[in-house]
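FYI, the numbering just counts along the sequence from 1. Because only heavy atoms are used, hydrogens play no part in the values below, and waters and symmetry mates are left out as well, while side chains stay in.
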Amino acid sequence: MQDFINCEASICTIFNLDSSILESCSCIRRNEQTIIDVKLLDSRPACPECGNPITKIKGYVTKTIQHSLLADKKCVLQYHARRYICPICHKTFYEYNPFVFQNMKISSDLMLQILKDLQEPGETFTHAAKRYHISPTSVSSIIDLRFGCFDSKGKTARNHVHR
């Protein structure tokens with residue numbers, strides 16, 4: 001139980017979360033990386049489509065999220081995201097995810113840190129990518145999202161004007 005308490009405290013600090021929303025948490029080191037395994041408590045949200053307050057758990061999907069804020073160590077979050085289904089309209093949807101922006105695989109904290117680093121003179125996409133254990137293409141995608149060039153699925157944004 002001591003390991004869970006330490007892991008829970010670390011996760012809550014890193015992601016600025018209230019410990020009351022964690023159902024389970026574990027941390028392991030494997031092949032030079034830290035793997036944090038997390039499941040949130042069931043909040044049983046209402047259906048976003050029809051508003052029905054009674055939804056059912058359809059299943060879980062494990063999402064792997066890059067979170068290498070400790071620059072010298074690779075850190076991956078394995079988040080067990082609940083999928084819900086509405087028994088009335090049959091809409092399926094995920095629980096609220098406090099770790100990433102929608103459709104992303106890099107934590108929001110890591111994205112913000114990369115944007116901050118790229119403000120420094122001489123900092124390149126390649127340097128930032130190596131520091132945070134992601135690809136230069138991922139760094140480029142973060143910039144595209146930040147400045148509205150593309151949506152999270154890589155499509156050109158409607159309001160973006162090409163010159």
### Message
How long is the straight-line distance from OH of Tyr60 back to CZ of Arg83, given to the nearest 0.5 Å?
### Response
13.0 Å
### Query
Just by modelled atom types, is the Thr137 backbone N or O under 3.5 Å from a matching donor or acceptor in the Ser141 side chain?
yes
### Message
Less than 6.0 angstrom from the centroid, inside 45 degrees of the normal: does Lys63 satisfy that with respect to the ring of Tyr94?
### Response
yes
### Query
Do Asp117 and Tyr132 have a side chain donor and acceptor closer than 3.5 Å?
yes
### Query
Should Leu110 and Leu115 be counted in the same cluster of Ile, Leu, Val, Met, Phe, Trp and Tyr side chains packed under 4.5 Å apart?
yes
### Query
If you count the non-hydrogen atoms of other residues, nucleotides and ligands that lie under 6.0 Å from CZ in Arg30, is the total more than 12?
no
### Query
Taking NZ, NE, NH1 and NH2 as the nitrogens, is one of them in Arg131 or Glu123 under 4.0 Å from a carboxylate oxygen of the other?
yes
### Task
Answer yes if the side chains of Ser135 and Ser138 hold a donor-acceptor pair under 3.5 Å, and no otherwise.
yes
### Query
Roughly how far, to the nearest 0.5 Å, is the OG atom of Ser26 from the NZ atom of Lys39?
11.0 Å
### Query
Would you say Leu77 and Tyr96 are hydrophobically clustered, going by side-chain heavy atoms of ILVMFWY under 4.5 Å?
no
### Query
If two hydrophobic side chains count as joined below 4.5 Å and joins carry through other members, does Phe93 share a cluster with Ile85?
no
#### Entry: Check: Arg44 side chain, Thr55 main-chain N or O, donor-acceptor pair, under 3.5 Å
yes
### Flag if over 12 foreign heavy atoms under 6.0 Å of NE2, His127
no
### Message
Do Ile35 and Val38 sit in one hydrophobic cluster, given that two such residues count as connected whenever their side-chain heavy atoms are within less than 4.5 Å of each other, even indirectly?
### Response
no
### Task
Please assess Tyr79 against Asn97 for the test side-chain contact (heavy atoms from CB on, under 4.5 Å), listing each intermediate value before the final yes or no.
CA-CA 9 Å; Tyr79 163 53; Asn97 178 344; 3.4 Å; yes
### Task
For Arg82 and Leu40, indicate whether the former's side chain and the latter's backbone hold a donor-acceptor pair under 3.5 Å.
yes
#### Entry: Reported CD-to-NE2 distance for the pair Gln33 and His133, which is rounded to 0.5 angstrom
9.5 Å
### Task
Over all heavy atoms of both residues, which pair between Leu41 and Ser20 is shortest? Give the atoms and the distance, please.
CD1-O, 2.8 Å
#### Entry: Sub-4.5 Å side-chain heavy-atom contact between Ile57 and Asp42
yes
#### Entry: Distance in Å, Cys47 SG paired with Ile88 CD1, rounded so as to fall on 0.5 Å steps
8.0 Å
### Task
State plainly whether one hydrophobic cluster holds both Ile114 and Phe125, where clusters connect Ile, Leu, Val, Met, Phe, Trp and Tyr through side-chain heavy atoms under 4.5 angstrom apart.
yes
